[in-house]
Amino acid sequence: MVRAWQIDRLINAARSYGALHGIRMSTVSKRLFNDGKVLARLERGCDITTRRHNAAMATLTRHPGVVSDFPPPKGTGAGPFARDLQQEC
């Protein structure tokens with residue numbers, strides 16, 4: 001299971017990539033997951049597999065200028081994130 005801070009880091013990197021290339025998040029989502037809705041679902045609190053997360057981060061961090069160094073929260077790695085409440089996806 002991917003932790004909330006990892007999903008936040010992925011979303012942050014995806015936003016950076018989108019801003020860098022002048023494209024919407026749905027387009028970034030389509031390029032990363034072949035599904036334009038995955039990033040929107042992640043922002044709502046859904047989860048993805050570790051394999052999908054790692055593949056997306058590997059793709060994003062290959063591009064110069066993408067900000068991906070969102071630090072994990074101190075402690076256990078789980079912070080007060082809305083997605084920790086795990087909504088139905």
Side-chain angles (χ1 to χ4, degrees):
M1 181 171 147
V2 179
R3 297 211 184 253
W5 67 265
Q6 292 171 302
I7 292 174
D8 284 343
R9 194 175 106 193
L10 172 61
I11 292 169
N12 186 49
R15 285 185 182 137
S16 178
Y17 176 85
L20 185 67
H21 294 283
I23 57 176
R24 298 183 314 179
M25 286 290 280
S26 60
T27 304
V28 175
S29 183
K30 178 76 172 170
R31 289 182 183 181
L32 292 175
F33 302 106
N34 201 29
D35 182 345
K37 298 176 185 174
V38 172
L39 289 172
R41 287 194 298 260
L42 291 175
E43 288 176 326
R44 285 195 321 264
C46 296
D47 202 3
I48 59 172
T49 64
T50 303
R51 180 179 293 168
R52 290 185 88 188
H53 169 271
N54 291 346
M57 286 303 294
T59 299
L60 289 170
T61 55
R62 279 195 298 258
H63 295 277
V66 172
V67 178
S68 64
D69 56 344
F70 188 86
K74 295 180 181 179
T76 63
F81 300 99
R83 75 174 100 314
D84 286 339
L85 301 175
Q86 199 55 270
Q87 301 174 11
E88 190 173 318
C89 300

Of all heavy-atom pairs linking E43 and M25, the shortest is OE2-CE, 3.9 Å

Return the CD1 to CZ distance between I7 and R41, rounded to the nearest 0.5 Å.
12.0 Å

Straight-line distance of R15 CZ to L60 CG, nearest 0.5 Å
12.5 Å

Result of checking S29, C46, S26 against V38 for side chain to side chain contact (heavy atoms under 4.5 Å, CB included)
S29

Might you point out which heavy atoms bring G65 and S16 nearest each other, and give the distance in Å?
O-OG, 3.5 Å

Could you go through the side chain to side chain contact (heavy atoms under 4.5 Å, CB included) check for R31 and I23 one step at a time?
CA-CA 11 Å; R31 289 182 183 181; I23 57 176; 3.5 Å; yes

Validation row: L10, I48 side chains within 4.5 angstrom (heavy atoms):
yes

To the nearest 0.5 Å, how far apart are NE2 in H63 and NE2 in H21?
5.5 Å

Donor-acceptor contact present, side-chain T59 to main-chain A55, <3.5 Å:
yes

Spatial distance of atom CZ (R3) from atom OG1 (T50) [nearest 0.5 Å]:
10.5 Å

